[in-house]
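Counting starts at 1 for both ligands and their atoms, in listed order.
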Amino acid sequence: MPETMIRIENVTKVYGSGEAAAAALSGISLDVKRGSWLAVMGPSGHGKSTLLQIMGGLDRPTSGQVHLDGAELTRLGPAELAHTRARSIGFVFQSFNLLSHLTALENIELALWFGGKGRDDAHARAMSLLDSVGLKEKAQMLPGTLSGGQQQRVAVARALANDPEILLMDEPTGNLDSASEADLLNLLKRLHEQGRTIVMVTHNPAVAGHAQRLVRVKDGRIEEDRGNGA
Ligand SMILES: Nc1ncnc2c1ncn2[C@@H]1O[C@H](COP(=O)(O)OP(=O)(O)OP(=O)(O)O)[C@@H](O)[C@H]1O
Ligand SMILES: [Mg+2]
């Protein structure tokens, strides 16, 4: 198994074209070790979410390469890419991205079906995941009737559905009160101890302090990389 789980090589991302072209990422190279926990910080609009989405194969770079567990994502076709994502990556979006016409429970079950679980197994595992984020009693609620923090916790439970090797989390604690934040950090600590690779974008220095390594992104570039080699 390669020691490097995620390798980003000279990645750029330009949105728009002509006069309107704007670079969200301007040449980023980054290696994330297997089993490490990395926090990404930086000002709003400076490319953190873009970087995370490219790491997870949800978006393609304008130039440069992305390797995930030894495979080059930029060379995979859409079906292979979707398969890799469902199998190996748990993604928590900044905007949650829950399906609004499905209940909390069904949002998680759907991810489990994509991961190949049968109906009964999926139901039991989805309930236990909801329990692990303190939302068992909200299983039948639609996302629109949940608070922001509750939706965020459903999104975290969904990301954990298929027991992914890699967790990519965009502001996973942004909407949580301090008790829920502490619970989530404990959950992440356990997952890290079990060998999962975690990349977490956050604006909160105390939350970032739980990671081993901190990367600061500014103007689409890495401004600081602290704790690498841990
Ligand atoms: N789909 C898109 N189309 C055009 N521009 C985009 C798109 N997504 C992001 N951008 C632009 O790319 C830049 C980086 O955005 P990004 O979402 O990566 O920032 P961020 O660091 O995550 O910010 P925040 O802390 O506010 O979440 C911004 O200027 C944004 O407007
Ligand atoms: Mg963002």
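Each of the following atoms of ligand 1 lies closer than 4.0 Å to a heavy atom of Thr50: 14 (C), 15 (O), 16 (P), 18 (O).
Using a cut-off of 2.8 Å, one finds that Thr50 contributes no N/O/S atom close to the Mg ion (ligand 2). Among the backbone and side-chain atoms of Ser44, none of the N, O or S atoms lies under 2.8 Å from the Mg ion (ligand 2).
When only non-hydrogen protein atoms are considered, atom 21 (O) of ligand 1 lies nearest to Lys48 NZ, 2.7 Å. What sits closest to atom 13 (C) of ligand 1 on the protein, heavy atoms only, is Gly45 O, 3.6 Å. Of the protein's heavy atoms, Tyr15 CD2, 3.5 Å lies nearest to atom 3 (N) of ligand 1. Nearest protein heavy-atom neighbour of atom 17 (O) of ligand 1: Ser49 CB, 3.6 Å. For atom 27 (O) of ligand 1, the closest heavy atom belonging to the protein is Gln94 NE2, 2.8 Å.
For the 3.5 Å distance criterion, the side chains of Gln65 and His67 qualify, holding a donor opposite an acceptor. Looking only at atom types and distance, the side chain of Arg119 has no donor-acceptor partner in the side chain of His123 under 3.5 Å away. Using modelled atom types, one finds a donor on one side chain and an acceptor on the other under 3.5 Å when comparing Asp170 with Ser49. Between Ser36 and Gln212, the side chains place no donor N or O within less than 3.5 Å of an acceptor N or O (distance only, hydrogens not considered).
For the pair OE1 of Gln94 and OG of Ser49, the angle whose vertex sits at the Mg ion (ligand 2) is 80° to 10 degrees.
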**Message:** Show, in sequence, the C-alpha distance, side-chain angles and deciding distance for Thr12 and Ser63, and conclude whether the side chain to side chain donor-acceptor pair (under 3.5 Å) test is met.
**Reply:** CA-CA 5 Å; Thr12 70; Ser63 65; 2.7 Å; yes
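A chain of hydrophobic side-chain contacts below 4.5 Å, direct or via other Ile, Leu, Val, Met, Phe, Trp or Tyr residues, connects Ile166 to Val66.
Counting non-hydrogen atoms of neighbouring residues, nucleotides and ligands closer than 6.0 angstrom, the CZ atom of Arg75 reaches no more than 12 such neighbours. Residue-environment remark: CD (Glu3) stays at or below the threshold of 12 foreign heavy atoms within 6.0 Å. Within a 6.0 Å radius of NE2 in His83, no more than 12 heavy atoms belonging to other residues, nucleotides or ligands are found.
Contact annotation: Gly42 has no heavy atom less than 4.0 Å from any atom of ligand 1. At a 4.0 Å cut-off, not a single heavy atom of Lys13 sits close enough to ligand 1 to count as contact. The closest approach between any non-hydrogen atom of Gly16 and ligand 1 is not below 4.0 Å.
When the options Ser44, Ala20, Pro43 are ranked by their closest heavy atom to atom 24 (P) of ligand 1, first place goes to Ser44.
Using a 4.0 Å cut-off between heavy atoms, His46 contacts ligand 1 through its backbone alone, with no side-chain atom that close. Residue His203 touches ligand 1 through its side chain alone, judged by heavy-atom distances below 4.0 Å.
No donor-acceptor pair under 3.5 Å is formed between the side chain of Ser180 and the backbone N or O of Leu176. Looking only at distances, no side-chain donor or acceptor of Glu171 sits under 3.5 Å from a matching main-chain atom of Thr202.
Taking a distance limit of 4.0 Å, we find that atom 31 (O) of ligand 1 is approached by no protein heavy atom.
Geometrically, ligand 1 and Ala24 share no nitrogen or oxygen pair separated by less than 3.5 Å.
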